[in-house]
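Have a look at the structure below before the remarks.
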Amino acid sequence: MHRPCIRPIVFLAALLPVLAQADVWVFEPTAAIDQRFDDNYTIDPDIPDAVSATRLVGTIGISREAPAAKFSGLIRVDGLLTQSDKSSNELDSNQVIFLNSQFTRARSEFGVGFNLKRDTPSRDISADLTDISSVAADTGASVTQDDNVARLRLLITPNWKYNLTRRTTLETGLTYTQVDHELPSAEDALRTRFLLTAQPGDPIPDPITIEDTGFFTVLDELDDFRETALNVGIKSKLTPISTVSFFASYSDYVAQTEPAQIVIIPFEETIADKENKDIRRNPKRETRSNTSKFRIGYDRAFTQTLNLGFQVGVYSNTTDETDVLRESDTTAFDGDPAKLQEALDNRITKSSGYLANVSATKLTGITRYSFKFGVDVLPSDIGSQVESLEAVGDLFREMGPLLDFSFRVRAYEPDAFNAAGDDKFARRFLSMEPKLIWRFNRAWTTAASIRYRRQKSQADTRSGESTALLFSLKFTPPSAIRDAENAK
């Protein structure tokens with residue numbers, strides 16, 4: 001359920017002194033039309049969810065760079081022009097606002113980033129198809145692809161660096177993440193409930209009513225959460241081309257989630273849906289997860305065109321679900337004291353594992369190759385932190401003075417920390433996307449890509465696949481000031 005978020009105006013007021021110091025500000029307004037054809041938008045393995053949508057996107061960027069200060073910002077809003085699909089829970093409009101400032105002193109550097117986004121877990125509007133350096137985050141803060149409810153995501157990232165010596169730097173960073181979800185409509189809740197019991201090939205009523213599903217309690221909706229993470233590290237240059245680093249971090253994660261499945265909630269304590277009183281929801285409870293990480297890294301420029309980086313480490317996680325299953329709860333195990341006691345004893349779980357991060361970049365004139373492999377612990381909207389394994393490969397090539405090509409492959413596998421020991425949200429995800437960008441004159445840019453996605457969820461017996469065609473046409477008004485600044 002959506003909760004009030006920290007007001008952006010407070011943060012903007014804090015940046016007023018920065019704005020007053022500005023000398024040369026660069027503004028970049030753009031307007032674009034994006035078209036998407038997707039044969040299975042939510043990657044459903046049983047009932048494909050085809051989508052055809054046209055969106056109008058407006059963006060205004062602002063930046064300023066001086067010897068001792070840098071500032072950048074972006075406001076991006078889209079509006080749905082036409083849409084053809086089976087569900088109605090997509091947002092008619094998505095918004096993102098991004099602000100970043102960085103200041104340099106004689107021996108230190110500090111700054112703060114601010115990102116506020118309203119979108120859905122299945123979509124990332126901050127990615128610009130016509131920008132070769134801008135890529136879509138397939139999951140964002142979510143580890144699911146088939147939940148498409150409205151989401152409000154706030155991210156605040158202050159940072160500070162201090163040069164202890166000419167070769168050694170102390171780095172600190174704080175990351176605050178808050179994610180709130182709106183409730184799906186009664187129509188979408190009914191559809192989701194019906195599809196849980198429907199068999200492939202079964203006719204789908206239009207519309208689906210409570211008579212088709214019966215009275216039910218909604219389960220497994222996405223959870224609101226907040227996480228505060230502190231990262232402290234030291235980097236030291238061994239030689240002009242090599243650097244060693246040591247980092248320690250700690251994160252505190254709190255989620256508002258549903259009671260354990262064995263808990264029997266009295267009817268009078270359930271919450272009725274505003275649109276349909278026969279649809280009920282259980283009251284939310286709190287889960288907490290804390291993770292400590294320790295990493296050591298080494299980066300080296302092996303040649304003028306080849307850079308490699310390695311990081312290895314360990315983590316320790318504690319997940320507390322004592323509020324999800326209380327000793328006073330009525331449960332399905334009340335007739336089996338041994339099973340009930342086992343569930344109560346497993347409400348606090350501890351786990352540990354290894355962290356890894358390998359990155360490589362190779363430049364060959366007009367072509368750039370990059371690769372990244374990582375194992376990390378991240379926040380999620382399923383009531384706990386997740387251990388994620390990710391591998392990403394990118395190819396960028398200048399096909400001509402005005403034509404660019406890119407190809408991106410991404411494999412992703414999350415696994416949650418929880419007391420139950422199983423995770424129906426665990427999945428294997430693969431995406432591939434070739435893309436062409438053509439700047440056919442000073443003001444107009446067009447782009448096209450093919451995005452293939454494949455997902456195998458632990459809860460499904462089959463894999464879901466999606467193939468999407470994406471097109472974008474963008475207009476950027478010419479600006480002599482902007483051209484001069486970009487030339488620098």
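Just so it is clear, the structure is predicted and the values come from calculations on it, not from any experiment.
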Query raised in the report: Would you say Glu269 has more than 12 foreign heavy atoms packed within less than 6.0 Å of its CD?
Result: yes
Query - Given Leu222, Ile382, Val324, the one that forms side chain to side chain contact (heavy atoms under 4.5 Å, CB included) with Thr257 - result: Val324
Query raised in the report: Within the distance-only criterion (no hydrogens, no angle test), does the side chain of Arg107 pair as donor or acceptor with the backbone N or O of Leu164 below 3.5 angstrom?
Result: yes
Query raised in the report: Where do Pro48 and Asn40 come nearest, in terms of heavy atoms and distance?
Result: CA-OD1, 3.5 Å
Report task. Please answer whether the main-chain N or O of Ile241 pairs with a side-chain N or O of Thr239 as donor and acceptor at a distance below 3.5 Å. Result -> yes
Query raised in the report: So do the side chains of Leu238 and Tyr298 get within less than 4.5 Å of each other, counting heavy atoms only?
Result: yes
Query raised in the report: Is there a donor-acceptor pair closer than 3.5 Å between any side-chain N or O of Glu258 and the backbone N or O of Asp220?
Result: yes
Query raised in the report: How many angstroms lie between atom CD1 of Ile75 and atom CG of Leu116, to the nearest 0.5 angstrom?
Result: 10.5 Å
Query raised in the report: Between Arg451 (side chain) and Glu433 (backbone), is there a donor-acceptor pair under 3.5 Å?
Result: no
Query raised in the report: Taking NZ, NE, NH1 and NH2 as the nitrogens, is one of them in Asp224 or Lys284 under 4.0 Å from a carboxylate oxygen of the other?
Result: no
Report task. Supply the atom-to-atom distance Arg166 CZ to Thr169 OG1, rounded to the nearest 0.5 angstrom. Result -> 12.5 Å
Query raised in the report: Quick one: does Tyr253's side chain have a donor or acceptor within less than 3.5 Å of a partner on Ser380's backbone?
Result: yes
Report summary line: Closest non-hydrogen contact found for Asp223 with Gln256 is CB-O, 3.3 Å
Requested in this report: Please tell me if the side chains of Phe225 and Asp381 come closer than 4.5 Å, counting only heavy atoms from C-beta onward.
Outcome: yes
Query raised in the report: Above 12 or not: heavy atoms from other molecules or residues under 6.0 Å from CD of Glu286?
Result: yes
Query - Ionic contact status for Arg347 with Glu321, cut-off 4.0 Å - result: no
Report task. Provide the closest heavy-atom pair for Thr467 versus Asp39 in the form atom of the first, atom of the second, distance. Result -> N-OD1, 2.8 Å
Requested in this report: List the atom of Ser242, the atom of Arg300, and the distance in Å for their closest heavy-atom pair.
Outcome: CB-NH1, 4.0 Å
Query raised in the report: With the threshold set at 4.0 Å, does a side-chain nitrogen-carboxylate oxygen contact exist between Arg410 and Glu390?
Result: yes
Report task. Among Lys435, Arg368, Arg408, find the one that has a salt bridge (Lys or Arg N to Asp or Glu O under 4.0 Å) with Asp394. Result -> Arg408
Requested in this report: State whether the side chain of Ser93 and the backbone N or O of Asp78 hold a donor-acceptor pair below 3.5 Å, judged by distance alone.
Outcome: yes
Requested in this report: Kindly indicate, with the supporting measurements, whether the criterion salt bridge (Lys or Arg N to Asp or Glu O under 4.0 Å) is fulfilled by Arg285 and Asp329.
Outcome: CA-CA 13 Å; Arg285 296 186 179 182; Asp329 284 331; 2.7 Å; yes
**Report entry** Donor-acceptor side-chain pairing of Arg295 and Asn231 below 3.5 angstrom
**Finding:** yes
Query raised in the report: Does the pair Ser406 and Asp404 meet the rule for a side-chain hydrogen bond (donor to acceptor under 3.5 Å, both in side chains), with working shown?
Result: CA-CA 7 Å; Ser406 70; Asp404 295 330; over 6 Å; no
Report task. May I ask you to test the Leu154-Lys117 pair for a side-chain heavy-atom distance under 4.5 Å? Result -> no
Query raised in the report: Without hydrogens or angle criteria, can the side chains of Ser108 and Lys161 be said to hold a donor-acceptor pair below 3.5 Å?
Result: no
Requested in this report: Would you check, one step at a time, whether the test side-chain contact (heavy atoms from CB on, under 4.5 Å) holds for Asn357 with Lys372?
Outcome: CA-CA 7 Å; Asn357 188 16; Lys372 176 186 176 183; 3.9 Å; yes
Query raised in the report: Where is the tightest heavy-atom contact between Pro184 and Val149, given as atom of each residue plus distance?
Result: CB-CG1, 3.8 Å
Requested in this report: Might you work through the side-chain contact (heavy atoms from CB on, under 4.5 Å) test for Leu219 and Asn282, ending with a clear yes or no?
Outcome: CA-CA 8 Å; Leu219 300 175; Asn282 291 327; 4.1 Å; yes
Report task. Please check if any side-chain donor atom of Glu387 sits under 3.5 Å from a side-chain acceptor atom of Tyr315, or the reverse. Result -> yes
Query raised in the report: Is Thr291 close to Ser316 at the side-chain level, that is, under 4.5 Å between some pair of heavy atoms?
Result: no
Report task. Give a yes or no on whether a salt bridge exists between Arg288 and Asp252, defined as a side-chain N under 4.0 angstrom from a carboxylate O. Result -> yes
Query - Stepwise salt bridge (Lys or Arg N to Asp or Glu O under 4.0 Å) test for Arg55 and Asp34 - result: CA-CA 5 Å; Arg55 291 182 179 270; Asp34 288 354; over 6 Å; no
Query raised in the report: Below 4.0 angstrom, N of the basic side chain to O of the carboxylate: do Glu182 and Arg118 qualify?
Result: yes
Query raised in the report: Is a side-chain donor-acceptor pair under 3.5 Å present for Ser431 with Arg453?
Result: no
Query raised in the report: Hey, are Asp180 and Arg151 close enough for a salt bridge, meaning a charged N less than 4.0 Å from a carboxylate O?
Result: no
Query raised in the report: Can you find a side-chain donor-acceptor pair between Ser466 and Asp38 that sits under 3.5 Å?
Result: yes
Query raised in the report: Knowing that exactly one of Ile97, Thr157, Leu155 qualifies, which makes a side chain to side chain contact (heavy atoms under 4.5 Å, CB included) with Phe114?
Result: Ile97
Report task. Taking all heavy atoms of Lys350 and all of Thr318, pick out the closest pair and write down the distance. Result -> CG-OG1, 3.8 Å
Report task. Please tell me if the side chains of Phe246 and Lys235 come closer than 4.5 Å, counting only heavy atoms from C-beta onward. Result -> no
**Report entry** Contact check, side chains of Ile62 and Phe71, non-hydrogen atoms, under 4.5 Å
**Finding:** yes
Query raised in the report: Charged N to carboxylate O below 4.0 Å: is that the case for Arg281 and Glu221?
Result: yes
Query - Results of side-chain contact (heavy atoms from CB on, under 4.5 Å) for Asp376 - residues two or more places apart only - result: Lys293, Leu355, Leu378, Ser388
**Report entry** Test item: Phe310 and Ser359 side chains (from C-beta on) under 4.5 Å apart, heavy atoms
**Finding:** no
Requested in this report: Show your working on side-chain contact (heavy atoms from CB on, under 4.5 Å) between Asp320 and Thr349 and close with a plain yes or no.
Outcome: CA-CA 7 Å; Asp320 185 345; Thr349 58; over 6 Å; no
Query raised in the report: Within a strict 4.5 Å, meaning less than it, do heavy atoms of the Ser251 and Gln385 side chains meet?
Result: yes
Requested in this report: Give a yes or no answer on whether the side chain of Thr177 reaches the backbone of Arg226 with a donor-acceptor pair at less than 3.5 Å.
Outcome: no
Query - Between Glu227 and Tyr176: side-chain donor-acceptor atoms closer than 3.5 Å - result: no
Report task. Scan side-chain atoms only and decide if Asp299 and Thr243 contain a donor-acceptor pair under the 3.5 Å cut-off. Result -> no
Report task. Working to the nearest 0.5 Å, report the span between OG1 of Thr361 and CZ of Phe396. Result -> 9.5 Å
Query raised in the report: Do Phe103 and Phe110 have ring centroids that are under 6.0 Å from one another?
Result: yes
Query raised in the report: Do Thr168 and Ser236 meet the criterion of a side-chain donor-acceptor pair at a distance under 3.5 Å?
Result: yes
Report task. State whether the side chain of Thr287 and the backbone N or O of Gly383 hold a donor-acceptor pair below 3.5 Å, judged by distance alone. Result -> yes
Query raised in the report: Is a side-chain N or O of Tyr452 found less than 3.5 angstrom from the main chain of Ala468, in a donor-acceptor match?
Result: no
Requested in this report: Could you give me the CA-CA distance, side-chain angles and deciding distance for Ser289 and Asn317, then say whether side-chain hydrogen bond (donor to acceptor under 3.5 Å, both in side chains) is met?
Outcome: CA-CA 7 Å; Ser289 187; Asn317 173 270; 2.9 Å; yes
